Structure formats: C-alpha cells, structure tokens
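All figures in this text were calculated on a predicted structure; none of them were measured in a lab.
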Amino acid sequence: MAEGLSAVARTGRHAAHVTAATAAGFYPALYLLDRPVAGVYALFTPIAFGILSPLPGAGRERAATVLRAVPAAAVLVVLGTVLAVGTWPAVAGMLAVGFALAFGAVCGPRIAGAAPGLQLFYILACFPPYEPGTLPQRLAGLAVGGALLALAEAFLFPDAPEPSYRERIADALDAAARAASGVVRGEGPDPEEAGRLGAAGRELRLSRLPAGARPTGAGRTDRALAQAGAATRRLLDQLALLTAHVPAPGDTVSADLLRGIAASCTETATALRRGRRERGRGRVLAGPQLLEEMVADFLEARGGASDGREPVPRAVLVRRSTVLTAAVSAVTVRTAASLALGGRERLHGLPREQFWYAAEGTARLVAVRIRGNLTRRSVVFQNALRTALGLALARLVAGSLDLTHGFWVLLAVLTLGRTTAGATWSAVRAAAAGTLAGACAAGLLIVGAGGASGVYAALLVPMMLVAFTLGPLGGPARGQGLFTLVVATAFAQIAPVTWRLAEARLVDVLTGSAIGLLCGLLAWPAGARAEIRYAMSGLLRAAAPLVRAASAAVTDGGGAPPDGPSPGVRLALHRLRIAEAAYAQYRTEPAADASGAAHDWLAVLDHGSRTLVGAYWLPRTDGMPGLPPGARRWAREAAEEVATATIRAAGFPPDGVRARPAPLPPEVAARVPVPLLAPLTDVEVWLHALAHDLEAGSGARPEEAPLPERAGP
C-alpha cells in the first residue's frame with residue numbers, strides 16, 4: 001500500500017513538472033507571440049523528455065540530461081525539416097535516425113532513456129508541409145520547452161535522490177566488513193547472518209534497479225561500477241559460507257587475511273560515499289596493494305605450519321580456500337572502485353585481462369561496445385532494427401496515404417512496440433480501446449465547445465495533469481485515451497477543428513498499431529525468449545575451454561591467465577556481455593516459455609562469471625614442480641568432467657546436466673607435498689562450484705556436493 005502511494009506521489013510530481021513546463025511555453029507562444037509552430041514544439045518538448053522518455057535519476061539529474069539532449073534534438077529537427085522535402089528522403093532519414101537512436105542504448109542508460117524523446121523530434125519535423133522557413137520557430141520552441149522542463153525538474157517539487165549504485169555497493173561492503181570481523185571473532189555458525197549477506201548481495205543485481213540507474217554504460221566508470229558490484233556479490237556469498245559453518249579455532253592465518261578484508265571493505269565503502277568530493281580534490285581510492293601483500297603472505301603460510309611440513313586438516317584447507325576467494329573478490333572490488341572513482345594508476349600484480357578497460361579512452365570503449373553488439377544475435381541490435389523498420393514503414397504509409405496528423409502513426413509505433421509479438425498485441429488491443437474511448441470523448445468535447453478556444457485553454461492544464469499522472473499508472477488503454485484528449489484540446493487552440501480531428505487520431509493510432517504489430521510478427525517475434533537460449537549456450541561453449549586451461553595452468557605452471565590476453569578469454573567475456581543483455585531483456589518480458597522456465601539463467605551467468613574469475617586468478621602460481629602424477633591426472637580428469645558437462649549443458653537437455661567431478665582422493669592427497677596441497681584444493685573447490693552452477697542452471701536437481709563448501713573464485 002505504501003509503495004503504491006509512493007508511486008502515485010512520484011508520478012504526480014513528475015506530471016506537475018511536465019504540465020508546468022508545457023503551459024509556460026505553449027500559452028505565451030500561441031497567445032502572446034502568435035507563433036503556433038513555436039507553440040507546438042514548446043508543447044511537445046516537455047512531453048517528449050518528460051513522458052515519452054524514462055530519464056534516469058532524480059530531478060536535478062534529469063534536468064541535466066534534458067539540457068544535454070536539447071542540442072541533439074535540435075540537430076534532428078534541422079535534419080527532419082530538410083528531409084521533409086519528399087516522402088522517400090524522409091523515410092530514409094527515419095530509417096537511419098531510428099536505428100541510430102535505438103541502438104544507442106548500448107552506450108548507456110541516459111542515452112537509452114532519452115532516445116524515444118529524441119525520435120519524436122525527427123518525427124515532428126519530417127512531416128509535410130515542407131516549410132524550412134519555420135525552422136527558427138521550431139528551434140526556439142524546442143529551446144524554450146527544454147529549458148522550462150529542466151527548471152521544473154530541478155526546482156518544482158524536487159524528488160528526493162534515490163541511492164546510487166555506488167552507495168548501494170558501499171552499504172553492501174559495510175555488511176561484508178562486519179561479517180568478516182565476526183568470523184575473526186569466532187561468531188558462528190550463524191545461518192541468519194548468512195541469509196542477510198545473501199539478501200544484501202541480491203540487492204546489487206542490476207535487475208533490482210530501475211533501468212536508468214544501472215551502470216550499463218560503455219565508459220570506464222560504469223564498467224568499473226558494474227564489476228565492483230558483481231565482485232561485491234561474490235564476496236558476500238563467500239562470507240556467507242564462512243558465517244554458516246563452524247569456525248576453525250586457532251586459524252590465525254585466515255584471521256589475519258579476514259582482518260585485511262574487513263579493513264579494505266570499510267575503506268572502499270568510505271571512498272565510494274565520498275567519491276565526488278575526493279575526485280574534486282584530485283584524490284582517489286588507493287589500489288589494493290596492501291591487501292595483495294596480505295594475500296601473498298597468506299599463500300605462503302596457509303599450506304602448513306612454519307616449517308612447511310605439518311599437514312593441515314582437509315576441512316581447514318577448504319575453509320582457507322574460501323577465505324582466499326573472498327580476498328580475491330575484495331581485491332577486485334577495491335581495484336574496480338578505484339577505477340570508478342577516477343584512479344589511473346597501473347595495476348601492478350593484477351590480471352590485466354580482468355581490468356582491460358582501465359587504460360582505454362572513452363571513444364575506444366564505446367567502439368568496443370558498439371562492435372560487440374553489431375550482430376544479429378544481440379537483442380539490442382534486434383530491437384533497434386525492428387524499431388527503425390517500423391518507423392520507416394509508418395512514415396512511408398503516412399506520407400503515401402497523406403494521413404492528417406500522420407506523425408501520430410509513428411508515435412503509435414514508437415510507444416506501443418514491444419520486444420515480443422504477444423506483448424505488442426496486448427498493448428495494441430489496450431491502446432485501440434483506450435484511443436476509441438478518448439476519441440469519442442474528444443469528439444463530444446469539440447462538438448460541445450465548438451470554436452470557443454477559451455474553453456480549450458482552460459481545460460488543457462488540468463487535463464494534462466490528470467493524463468500525465470494516471471496515464472503512466474494505468475497502462476496503454478488509459479494512457480492512449482487520456483493523451484487523445486490532451487492532443488485534441490491542444491490542437492483545437494492552434495487551428496479550427498471539427499470532430500473529425502478525433503477521427504483522424506483514431507485512424508492514425510490504429511494504422512500505427514497495425515504497422516507495429518506487423519513488424520513485431522515478422523522481426524524476432526519471440527524477443528529475448530528465443531535469444532536467451534542461444535546466448536547462454538554460446539557462453540557455456542566459450543567457458544568450457546577455459547575450465548581445462550585454468551586447471552592445467554595451475555598444475556603445469558604458467559603464472560598468467562590461460563592464454564594471457566587470448567581470444568578465448570576475450571570471447572568468453574564477449575559472450576558473457578551478450579548473455580547478460582539477453583537476460584536483462586528476458587526479465588522485462590511478461591511471459592517466459594515453458595522450456596526457459598525450467599532453467600535458472602542467472603546460475604548460467606554465474607557459471608560464466610565464475611569461470612572467468614578462476615581463469616584470471618587461479619593460475620597465478622609458479623606451477624607445481626614435484627606434483628605427483630596421480631594428482632596431475634586427477635586435476636586433468638576433474639577439469640575434463642566439468643568442461644564436458646559444460647558442453648552438454650550448452651545443449652540444454654530436458655533432464656538437465658549432472659556434473660560430478662571426483663574429489664581429490666585421500667591417498668593421492670597424502671602424496672602431495674604440503675605446500676602444493678592448498679593450491680590443488682583451490683582447483684577442487686572451484687571445479688565443484690562450477691559443477692553446482694551447471695546443475696542449477698540446467699534444471700537438474702542438485703545433490704549434496706562432496707565438499708563441505710561450494711566456493712571458488
């Protein structure tokens with residue numbers, strides 16, 4: 001109940017911003033200056049950026065986004081005005097502009113949020129009549145409308161800022177620091193604390209955030225924040241394992257490293273909260289060198305007593321492996337947070353491939369993101385192409401049939417298109433019913449008021465306030481119906497109208513709905529439901545060779561991630577990004593297919609991420625000279641079991657996949673030199689964690705793992 005009231009209040013404030021900006025620009029342009037063209041653009045600019053575009057952030061952040069978008073909108077107005085010379089030039093421009101703006105979503109949430117509104121400015125300008133002489137009025141209306149909306153967003157009933165992703169990470173790191181300190185004090189086992197840590201990690205999933213608040217941009221800051229969030233989730237999960245099990249008394253080796261983890265988490269959280277002020281003074285978070293030194297000391301000491309010959313109980317080795325993976329996650333978090341806050345120091349000692357973006361410029365990172373999504377398997381590419389073709393076809397139909405107010409056809413395509421044909425059909429049906437009701441009401445209003453423009457002027461503000469408040473909350477039917485009343489009331493003031501304006505609105509919306517539905521049926525009608533299986537399968541196939549390579553690099557030596565900066569690692573990272581995009585869209589679509597519902601796609605993503613992290617960190621040894629042949633054979637066979645199961649899982653068999661890598665046999669472990677047993681345990685724990693992810697992701701019912709804990713890098 002409270003959340004519903006909060007949503008209504010938030011939508012009402014936003015509606016007040018748009019209504020105030022629209023009225024402040026539209027009325028003076030029309031009634032004081034007698035500039036109807038400027039009035040139209042002053043009317044639609046706040047609607048484009050305030051209603052049609054889901055701009056991220058609170059009031060001042062949205063205001064800044066509007067001001068940055070106005071120059072781009074001006075370019076589109078100029079382009080549309082020039083190409084309105086004929087139907088075919090306008091159609092060609094619509095195809096190019098439609099694709100470019102929709103595909104621009106890969107560059108970040110702010111561009112993605114502003115794209116629908118920017119589309120509207122080309123749509124408005126590219127329709128007849130061809131009047132380049134009105135361009136100054138159009139640009140003036142755009143500038144006034146944008147400035148007024150920015151002022152309203154910033155100063156009129158401002159929204160309270162929501163916690164940023166950076167602050168969410170800081171809160172989670174505080175919880176991690178408390179948990180690590182609790183483990184050092186021997187507080188455990190505590191299943192409730194483990195549950196709280198797991199819940200805190202789930203809150204960092206990008207699916208829990210509004211689309212505009214997700215760090216999904218192509219730049220270094222967003223990439224670093226996303227990596228910091230993922231590493232923090234892993235850190236919380238690993239600490240949850242430690243808190244859920246009986247502590248090991250006297251394990252001073254682990255206690256020292258856990259204290260370092262707690263201190264690093266606290267410092268990183270403080271820096272993330274103070275990030276802007278620190279950046280303004282030229283200071284950023286220091287790198288993880290101190291924690292890395294503690295990890296190095298831990299690696300030397302964890303295999304046994306000071307003489308290196310005393311064996312360590314197996315349960316303690318497994319626990320220390322979990323502590324090590326927590327430290328690896330803490331190192332990753334601190335490094336990524338430093339990069340997010342503007343750090344540019346060289347990443348000494350860290351896997352360069354894990355932070356490949358650290359030294360790259362923004363243009364290079366954007367180019368990498370664009371190139372990676374220029375494939376028909378990318379859902380972003382599919383959506384952009386579907387949108388561009390729909391808008392271009394709508395412009396062709398509206399221009400060829402000379403429809404009155406034909407831009408409403410394109411507006412219907414833009415607002416009613418969904419990523420699946422089923423969802424588009426549902427939206428179209430609701431919008432048709434709402435538009436019909438709104439057209440009837442508008443017709444009655446026009447017949448009753450006639451040419452009394454004062455009536456329309458008096459009704460426009462309260463009508464906009466109601467429409468922009470209730471429309472977003474009530475779905476396509478209510479939204480289209482109320483918007484029909486708004487545009488009828490506005491256009492009745494610009495020029496004399498009859499009840500046929502409502503008829504034209506209905507015809508245009510139905511035409512645009514039919515075009516949008518046709519495009520939805522012909523172009524990737526299943527949306528992400530069809531692509532997610534392909535994307536997850538590609539991720540698993542790319543991960544399988546890394547499992548073999550990482551295990552071999554540990555036992556045979558290499559001292560670097562498998563293949564170094566290899567195409568294999570790059571391919572797996574690319575496939576992970578494509579799969580994450582498909583999963584993000586899949587979560588927004590209303591109905592999942594029965595086969596997809598049987599799979600835990602998030603577990604598949606976790607498997608890919610865990611594979612990459614293991615590939616980065618596990619081989620960071622000098623090899624294992626003196627490792628018995630039996631131990632090498634076990635590592636090779638266990639890795640092959642997981643890799644083979646990964647390939648099987650890529651086919652998504654109906655009964656799922658069971659992966660059972662054999663635990664390290666006690667008789668083999670007894671012959672392994674004490675200093676080598678700990679890194680061999682790291683491989684064992686990692687492989688069993690990957691097997692657990694595979695079973696969860698493929699729909700198989702997992703059994704108890706042979707190891708007491710499932711951790712892994």
Side-chain angles (χ1 to χ4, degrees), residues 168-205 207-208 229-266 269 302 312-330 333 600 602-603 605-607 609-610 613 663 681-682 684-697 700-713:
R168 290 172 185 261
I169 295 174
D171 292 340
L173 288 175
D174 284 338
R178 290 192 297 270
S181 299
V183 174
V184 171
R185 292 192 298 268
E187 299 174 359
D190 189 351
E192 292 185 0
E193 175 65 13
R196 286 191 292 270
L197 291 173
R202 288 190 292 274
E203 288 302 312
L204 291 179
R205 293 178 180 174
S207 60
R208 299 293 183 95
T232 302
R233 286 196 350 253
R234 290 195 302 272
L235 174 61
L236 291 169
D237 289 342
Q238 290 147 357
L239 290 172
L241 285 174
L242 293 171
T243 59
H245 290 77
V246 178
D251 187 5
T252 57
V253 175
S254 296
D256 291 341
L257 185 55
L258 284 167
R259 292 189 187 96
I261 292 172
S264 178
C265 288
T266 299
R302 67 167 176 159
V312 177
R314 176 173 172 76
V316 175
L317 280 178
V318 172
R319 171 184 163 82
R320 288 179 176 177
S321 180
T322 306
V323 172
L324 176 62
T325 60
V328 167
S329 297
V333 171
D600 184 352
L602 189 58
L605 291 176
D606 288 342
H607 179 276
S609 177
R610 197 190 300 271
V613 174
T681 303
D682 293 341
E684 183 182 13
V685 171
W686 178 60
L687 291 175
H688 280 82
L690 292 177
H692 176 68
D693 289 340
L694 279 179
E695 292 189 342
R701 183 174 299 174
E703 301 173 1
E704 285 301 316
L707 290 180
E709 298 179 77
R710 301 185 184 97

So does [Y] get a backbone contact from the side chain of [X], meaning a donor-acceptor N/O pair under 3.5 Å?
| X | Y | value |
| --- | --- | --- |
| Ser254 | Asp251 | no |
| His692 | His688 | no |
| Ser181 | Ala177 | yes |

For this session: Please name the residue in the list Val316, Leu324, Val318 that meets the side-chain contact (heavy atoms from CB on, under 4.5 Å) test with Thr681.
Result: Val318
Can you name the closest pair of heavy atoms from [X] and [Y] and give their distance?
| X | Y | answer |
| --- | --- | --- |
| Ala175 | Leu197 | O-CD2, 3.9 Å |
| Ala269 | Asp174 | CB-OD1, 3.4 Å |
| Arg319 | Val183 | NH2-CG1, 3.6 Å |
| Ser321 | Asp682 | OG-OD1, 2.8 Å |
| Gln238 | Thr322 | O-CG2, 3.8 Å |
| Arg314 | Pro663 | NH2-CB, 4.4 Å |

For this session: Report the C-alpha separation of Leu173 and Val333 in whole Å, then their side-chain angles, then the decisive distance to 0.1 Å, and conclude whether the side-chain contact (heavy atoms from CB on, under 4.5 Å) test is met.
Result: CA-CA 9 Å; Leu173 288 175; Val333 171; 3.8 Å; yes
Exercise. Below 4.0 angstrom, N of the basic side chain to O of the carboxylate: do Asp237 and Arg610 qualify?
Worked result: no
Exercise. Do Pro191 and Thr243 come close enough that some side-chain heavy atom pair is under 4.5 Å?
Worked result: no
For this session: Walk me through it: do Leu204 and Arg208 pass the test side-chain contact (heavy atoms from CB on, under 4.5 Å)?
Result: CA-CA 7 Å; Leu204 291 179; Arg208 299 293 183 95; over 6 Å; no
Seminar exercise, completed: Residues passing the side-chain hydrogen bond (donor to acceptor under 3.5 Å, both in side chains) test with Arg168, sequence neighbours excluded, are none
For this session: Can you sort out the partners of Arg202 under side-chain hydrogen bond (donor to acceptor under 3.5 Å, both in side chains), two or more places apart, ordered by chain and number?
Result: none
Exercise. Residues in side chain to side chain contact (heavy atoms under 4.5 Å, CB included) with Ala230, at least two apart?
Worked result: Arg233, Arg234
For this session: For Ala200, check side chain to side chain contact (heavy atoms under 4.5 Å, CB included) against everything at least two apart and list the hits.
Result: Leu236
Less than 3.5 Å apart, which donor and acceptor atoms pair up between the side chains of residues 256-264 and the rest of the protein, not counting sequence neighbours?
from	atom 1	to	atom 2	distance (Å)
Asp256	OD1	Arg259	NH1	3.0
Ser264	OG	Arg334	NH1	3.4

Exercise. With sequence neighbours left out, what residues match Asp171 under salt bridge (charged side-chain N to carboxylate O under 4.0 Å, His left out)?
Worked result: Arg273
For this session: Please round to the nearest 0.5 Å and tell me the distance separating atom CG of Leu690 and atom CG of Asp606.
Result: 10.5 Å
Problem set entry | Interatomic spacing from CD in Glu684 to CG in Leu317 - rounded to 0.5 Å | 9.5 Å
